[in-house]
Amino acid sequence: QVQLVESGGGLVQAGGSLRLSCAASGRTFSNYVMAWFRQAPGKEREFVAAINWSASNTYYKDSVRGRFTISGAKTTMSLQMNNLKPEDTAVYYCAVGTIWGSRSQLDFRSWGQGTQVTVSS
């Protein structure tokens, strides 16, 4: 079992920046995918960005590409969020899975507890 702990959420004005971090511990496996998802009030949890275990490849949700950058490898991961918009307000979750290219939460087996990001207009 993998344990994930997120940190770095907070309140920021539109146009500002935040950096989220995720630390993994416990049992890990090779060729895994680390990802960020988010869930806004009353909405489904949605994919944001993912990185492979060697940090050689990434993929993003279209609406965050160019503003968010995922980085890290193996047991740590970060999400640098720039030019934040009110619609980015959500609880952000770190997750680990094994299917490269997936954007479905069903393909990610381990989850953190989430960290709140609030962007004011």
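Every heavy atom of this structure was used, including side-chain atoms; hydrogens, water molecules and symmetry mates were not.
- Distance CD1/Ile51 to CE/Met77: 8.0 Å, rounded to 0.5 Å.
- Note on Asp62 versus Arg65: salt bridge recorded, some NZ/NE/NH1/NH2 to OD/OE distance being below 4.0 Å.
- Residue Arg67 comes nearest to Asp88 through the heavy atom pair NH1-OD2, 2.8 Å, listed as atom of the first residue, atom of the second, then distance.
- Interatomic distance, CG of Leu4 versus OG of Ser110, reported as 6.0 Å (0.5 Å rounding).
- Closest heavy-atom contact between Phe108 and Ala35: CE2-CB, 3.5 Å.
- Judged purely by atom type and a 3.5 angstrom limit, Arg103 uses its side chain to pair as donor or acceptor with the backbone of Tyr60.
- Thr118 and Gln116 form a side-chain donor-acceptor contact under 3.5 Å, judged by distance and modelled atom types alone.
- In this structure, SG on Cys22 lies 5.5 Å from CD on Glu6, to the nearest 0.5 angstrom.
- Remark: Phe47 pairs with Phe37, Tyr59 by the ring-ring contact (aromatic ring centres under 6.0 Å, His included) rule, at least two apart or across chains.
- Between Asn83 and Phe68, the closest side-chain pair of non-hydrogen atoms is not below 4.5 Å.
- In this view, Glu46 and Arg38, Lys61 satisfy the salt bridge (charged side-chain N to carboxylate O under 4.0 Å, His left out) rule, not counting sequence neighbours.
- For the pair Gly112 and Tyr93, the tightest heavy-atom approach, listed with the atom from each and the gap, is O-CD2, 3.6 Å.
- Scanning all heavy atoms of the two residues, the minimum distance from Ser21 to Ser78 falls at OG-OG, 3.7 Å.
- By the 4.5 Å heavy-atom criterion applied to side chains, Trp111 and Val96 are not counted as neighbours.
- At a cut-off of 3.5 Å, with distance as the only test, a side-chain donor of Gln80 or Asn82 sits close to an acceptor on the other residue.
- The only member of Leu18, Thr69, Val64, Leu20 that meets side-chain contact (heavy atoms from CB on, under 4.5 Å) when paired with Leu79 is Leu20.
- The salt bridge (charged side-chain N to carboxylate O under 4.0 Å, His left out) search around Arg19 returns none, not counting sequence neighbours.
- The structure places CE of Met34 at 10.5 Å from OG of Ser71, a figure rounded to the nearest 0.5 Å.
- To the nearest 0.5 Å, the span separating CG on Asp107 from CH2 on Trp100 amounts to 13.5 Å.
- Remark: side-chain polar atoms of Thr89 are paired, donor with acceptor, to backbone N or O of Pro86 under 3.5 angstrom.
- Put simply, CE on Met81 and CH2 on Trp36 are 8.0 Å apart, with the number rounded to the nearest 0.5 Å.
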